[in-house]
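First comes the structure, then the notes that go with it.
Positions are given from 1 along the sequence.
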Amino acid sequence: MESQKRSKRTGSASAQRFARRSRVQEGVAHPLGATWDGRGVNFALFSAHATKVELCLFDTNGRRELERIEMPEYTDEVWHAYLPDARPGTVYGYRAHGPYEPTAGHRFNPNKLLLDPYAKALVGNLRWNDALFGYRIGSRKEDLSFDRRDSAPAMLKCRVTDPAFTWGKERAPQVPWEKTVLYETHVRGYTVRHPLVPPPHRGTFAGLAQHEVVSHIKGLGVTAVELMPVHAFVDDRYLIEKGLRNYWGYNTIAFFAPEARYLSIPFVNEFKEMVARLHDAGLEVILDVVYNHTAEGNEKGPTLSFKGIDNASYYRLLPDNPSHYINDSGTGNTFNLSHPRVLQLVLDSLRYWATEMRVDGFRFDLATILGREAHGFDPSGGFFDAVRQDPVLSGIKLIAEPWDIGPGGYQVGNFPPGWAEWNDRYRDTARGFWRGDEGWLSQMATRLSASGDIFARRGRRPWVSVNFVTAHDGFTLRDLVSYNDKHNEANGEDNRDGHAHNLSWNHGVEGPTSDPEITALRERQTRNLLATLLLSLGTPMILAGDELGRSQGGNNNPYCQDNETAWIDWSASDSEGPALAEFVRELIGIRQSYPVLHRNRFLTGEYDPELDVKDVAWLTPAGTEMGPDEWSDPHARCIGALLDGRARPSGIKKPGADATLLLILNAHHEAVPFRLPEVLGGCEWLSLIDTAAPQRSEPPAIRCGEHYEVVGRSVLLFALKPHHRTWRTLQALAEMTQQETRTTREVL
């Protein structure tokens, strides 16, 4: 009787296995990833060197492995299968069989569960233990240290998604480049302490979509929100062991999946809802993306996805020692965009976010790596050529961080047409100039003009220079004027991490102070830096929280500080914050109102005999044009820029396009008498901005040819009276902004 029961059970199990096998169909090799077609799910995975691939299905929570299905077909180096009974919500992963030969570049280990490179959503959390590594930790002979422990219990899993979403009347704002003002922020850090965001939504995409948050951003006048990495990423093991986390997110493991910690609910459509809300407010969404490396690290790193699927294809390996990785990223590995399938992965990911998720552009971390070929960086390399020819990607905003740590990695100005670039020379020049260092005057004039010495070639326009004074990497604006040195002790690296060359100045006291003179000077320097940034030609980028006086306590590298150090403290902005935020609104309003401040041609200073005008004339405090002696004077710290709006290409007719403005920067510690120039057709100059007197009921008017006392360390902006926008016009502009904010709230 017992043997009959065993026979029945065995027969039943065999029948179940046969039924499972029989329901698996061949599927197709395209598209890659897990694709729901309304009837079932097609699974497709590229691997040029695997000998067998198993699709592993799990329960809803990803805790129990239900079955393994051998992928039945292999076409064009793609393993594929179709499951008619799979549905959105199905949880899965892969196991890849093949040679474990690190010296040949191969690291296959079927004991390690692998994430689908095309996974649209992830399940669970990565729990660090030694089973996540493909080799036996501690072994001296890597080739013989094959680790047989199953990593699935500690691994993230993939989830099949349904792309259905109702966008309604959502439309991309399509802000012209020359009108763009970027606002760099962090999804979690921006709202996790916001008092008006419901607690369940704080630190999430839903929190960023909250109408009070959107209203603040929109009210500043910025046009685009640039989000630090939102692709799913991994907390580094060494950080977890120190009680820290990877806060910034530059440790990507899945290029299609939103980071789960930014979801208030386990559905990726929350990201789409955020985009729709921001678009409704006229704000574009730019994603900071990391395609230069992955979270798998070097040869000592874990096996989580690419390393176990096809290590030799996905990564750049040392030609004479393929067991080691080329490390142009500084994080252990370098993604191999020279391989056509890896290039396809990156392009597919970009198109997915641009079309399915409807983002408006990308900022590429360590973008030099994307243009690296076997011979080095190439602006005509495969990635750039593919993007330029792509009907989707060629029409959106593309921003490069134009450097990496590899040979010849600094490539500012060398990216192809159509790309904007972070301009670190602008950052350093503005900081050095306002610190009062000698010899920065001529460089400051060049940076005010959109750095034509770097970018004015190949038909590129001034907007390609993304100007910034602060960014996520480095001091906040408050800390820039409050600290001489970095204070990164909390990062657990004995303050060795982070840049030491900050060009910062504490104005006499390191850190917070109650000295009213130092406080006033710091606040004026803050306004000087903001005014310089927002009145320069090019594309300005503001670091979120700078308009609120945010401090990180002198930490200039809080990449691991997922806590109050890096989060924005909205309650602390109640004192200085509102006035500073209002100053930013005023600056952006003036910038957008005067086309000469966002013109689409580089400033040259050349005389146009037909128009009898120069686009810019650089003036000494005496009101005369700068000559060779003045430019080379290392002690000169005060300069004027006479911007004549009439010097524009013919045929362009915009309100205020022919306005004449005078911008004066005085980085000297003493007041400087500046003779306001006499301009044909004008008799008075109206003061629009004065960082030494930011709160004025009525701006003064000064007759042309008179001397104006420019306070030490201050910025002034004047408009020639016949062409100026009156103070009432500026007030009307502010009221319009407030009305737009109210309208936005009503819409939301």
I want to check something: taking the side chain as every heavy atom from C-beta on, are Trp567 and Asp562 in contact at a cut-off of under 4.5 Å?
yes
| field | Donor-acceptor pair between Gln443 and Tyr426 side chains, under 3.5 angstrom | value | no
Value for CG (Leu529) from CZ (Phe433), rounded to nearest 0.5 Å, stands at 10.5 Å
Note to self: Testing the 3.5 Å rule here: is there a donor-acceptor pair between the side chains of Asn506 and Ser482?
What the structure shows: no
For Glu401 and Asp365, the nearest pair of non-hydrogen atoms, with its separation, is OE1-OD1, 3.0 Å
Salt bridge (Lys or Arg N to Asp or Glu O under 4.0 Å) between Asp428 and Arg447, intermediate numbers included: CA-CA 10 Å; Asp428 292 350; Arg447 304 304 154 226; over 6 Å; no
Q: Run the salt-bridge test on Arg527 and Asp690 with the 4.0 Å N-O cut-off and return the result as yes or no.
A: no
**Prompt:** Any side-chain donor paired with an acceptor under 3.5 Å for Thr539 and Trp177?
**Reply:** no
Minimal heavy-atom distance between Gly549 and Leu580, with the atoms involved, is N-CD2, 4.0 Å
Just wondering, are more than 12 heavy atoms of other shown residues or ligands nearer than 6.0 Å to NE2 in His499?
no
Quiz prompt | Side-chain donor/acceptor of Lys218 to backbone N/O of Thr223, under 3.5 Å | solution = no
- Would you say the ring centroid of His507 lies under 6.0 angstrom from that of Tyr483? no
Worksheet entry | Lys/Arg-Asp/Glu bridge criterion (N-O < 4.0 Å) met for Arg713, Glu670 | no
### Exercise: do His472 and Glu226 side chains pair donor with acceptor under 3.5 Å
no
Have Glu438 and Trp440 got a donor and an acceptor in their side chains that come within less than 3.5 Å?
no
Apply side chain to side chain contact (heavy atoms under 4.5 Å, CB included) to residues Leu535 and Leu587 and explain how you reach the verdict. CA-CA 7 Å; Leu535 299 178; Leu587 284 169; 4.3 Å; yes
In this structure, CG of Asp485 is separated from CG of Asn495 (nearest 0.5 Å) by 8.5 Å
Determine whether a donor-acceptor pair (N or O, by modelled atom type, separation under 3.5 Å) exists between the side chain of Gln552 and the backbone of Asn555. yes
Notebook entry, point to check: Which class fits the ring pair Tyr190 and Trp570: parallel under 30°, tilted 30 to 60°, perpendicular over 60°?
Noted result: perpendicular
### Task
For the pair Asp546 and Val584, evaluate side chain to side chain contact (heavy atoms under 4.5 Å, CB included) and give the outcome as yes or no after the intermediate values.
CA-CA 10 Å; Asp546 277 354; Val584 171; over 6 Å; no
Over 60° means perpendicular and under 30° means parallel, so tell me whether Trp685 and Phe718 are parallel, tilted or perpendicular. perpendicular
query = Do Asn557 and Asn488 have a side chain donor and acceptor closer than 3.5 Å?
reply = no
pair Val412-Glu421: side-chain heavy atoms closer than 4.5 Å: yes
query = For residues Asp424 and Tyr410, is any side-chain donor paired with an opposing acceptor at under 3.5 Å?
reply = yes
Using only heavy-atom distances, determine whether the side chains of Thr429 and Arg425 contain a donor-acceptor pair under 3.5 Å.
-> no
Heavy atoms of Leu244 and Ala490 approach each other most closely as CD1-O, 4.1 Å
Check: Val197 main-chain N/O paired with Arg202 side-chain donor or acceptor under 3.5 Å: yes
From the list Met541, Lys397, His598, side-chain contact (heavy atoms from CB on, under 4.5 Å) with Thr180 holds only for Lys397
>> Between Asp479 and Asn556, is there a side-chain donor-acceptor contact under 3.5 Å, judged purely by atom types and distance?
In response: no
Any side-chain donor-acceptor pair under 3.5 Å between Ser536 and Asn467? no
Heavy atoms, side chains only, cut-off 4.5 Å: are Val285 and Leu283 in contact?
no
Point to revise | Candidate pair Glu684 and Ile702, rule side chain to side chain contact (heavy atoms under 4.5 Å, CB included), full reasoning | key: CA-CA 5 Å; Glu684 285 186 321; Ile702 303 94; over 6 Å; no
* Asked: Is the shortest side-chain N to carboxylate O distance from Arg599 to Glu178 below 4.0 Å?
  -> no
- Is it possible for you to check whether Arg363 lies under 6.0 Å from the centre of the six-membered ring of Trp422, through NZ or CZ, and within 45° of that ring's axis? yes
For Asn528 and Thr691, does a side-chain donor sit closer than 3.5 Å to a side-chain acceptor? yes
* To do: For the residue pair Pro229 and Asp288, establish whether any side-chain heavy-atom pair is separated by less than 4.5 Å.
  => yes
Taking NZ, NE, NH1 and NH2 as the nitrogens, is one of them in Arg550 or Asp569 under 4.0 Å from a carboxylate oxygen of the other?
no
| Flag side-chain contact, heavy atom, 4.5 Å: Met274 against Leu208 | yes
Between Val213 and Gly207 the two heavy atoms that sit nearest each other are CG2-O, 3.5 Å
Within the structure provided, determine whether Leu603 and Leu537 are in side-chain contact (heavy-atom separation under 4.5 Å).
yes
Salt bridge check, Asp235 against Arg261: does any charged N sit closer than 4.0 Å to a carboxylate O? yes
Taken to the nearest 0.5 Å, the spacing of Thr526 OG1 from Glu547 CD works out to 12.5 Å
| said: Looking only at side-chain N and O atoms, does Asn666 offer a donor or acceptor that is under 3.5 Å from a partner on Ser714? | reply: no
Exercise. So, for Tyr247 and His186, is the gap between ring centers shorter than 6.0 Å?
Worked result: yes
Short side-chain to backbone donor-acceptor contact, Arg431 and Asn502, under 3.5 Å:
yes
Taking atom types as modelled and ignoring hydrogens, do the side chains of Thr513 and Asp515 form a donor-acceptor contact shorter than 3.5 angstrom?
no
* Stepwise, does the side chain to side chain contact (heavy atoms under 4.5 Å, CB included) test hold for Trp403 with Leu366? -> CA-CA 5 Å; Trp403 50 77; Leu366 300 183; 4.2 Å; yes
For Ala209 and Val214, the nearest pair of non-hydrogen atoms, with its separation, is O-CG2, 3.7 Å
- Item | Pairing of Glu582 and Arg585 as salt bridge, 4.0 angstrom limit | yes
For residues Thr204 and Val192, determine if any side-chain heavy atom of one lies less than 4.5 Å from a side-chain heavy atom of the other. no
Original post:
Does Tyr262 reach the side chain of Arg188, with side-chain heavy atoms less than 4.5 Å apart?
Top reply: yes
For Asn563 and Gln561, which I'm curious about, is there any donor-acceptor pair between the side chains at under 3.5 Å?
yes
- prompt: Quick check: does any side chain N or O of Gln525 sit under 3.5 Å from a backbone N or O of Trp434, one acting as donor and the other as acceptor?
  reply: yes
Q) Just wondering, more than 12 heavy atoms not from Glu709 lying within 6.0 Å of its CD? A) yes
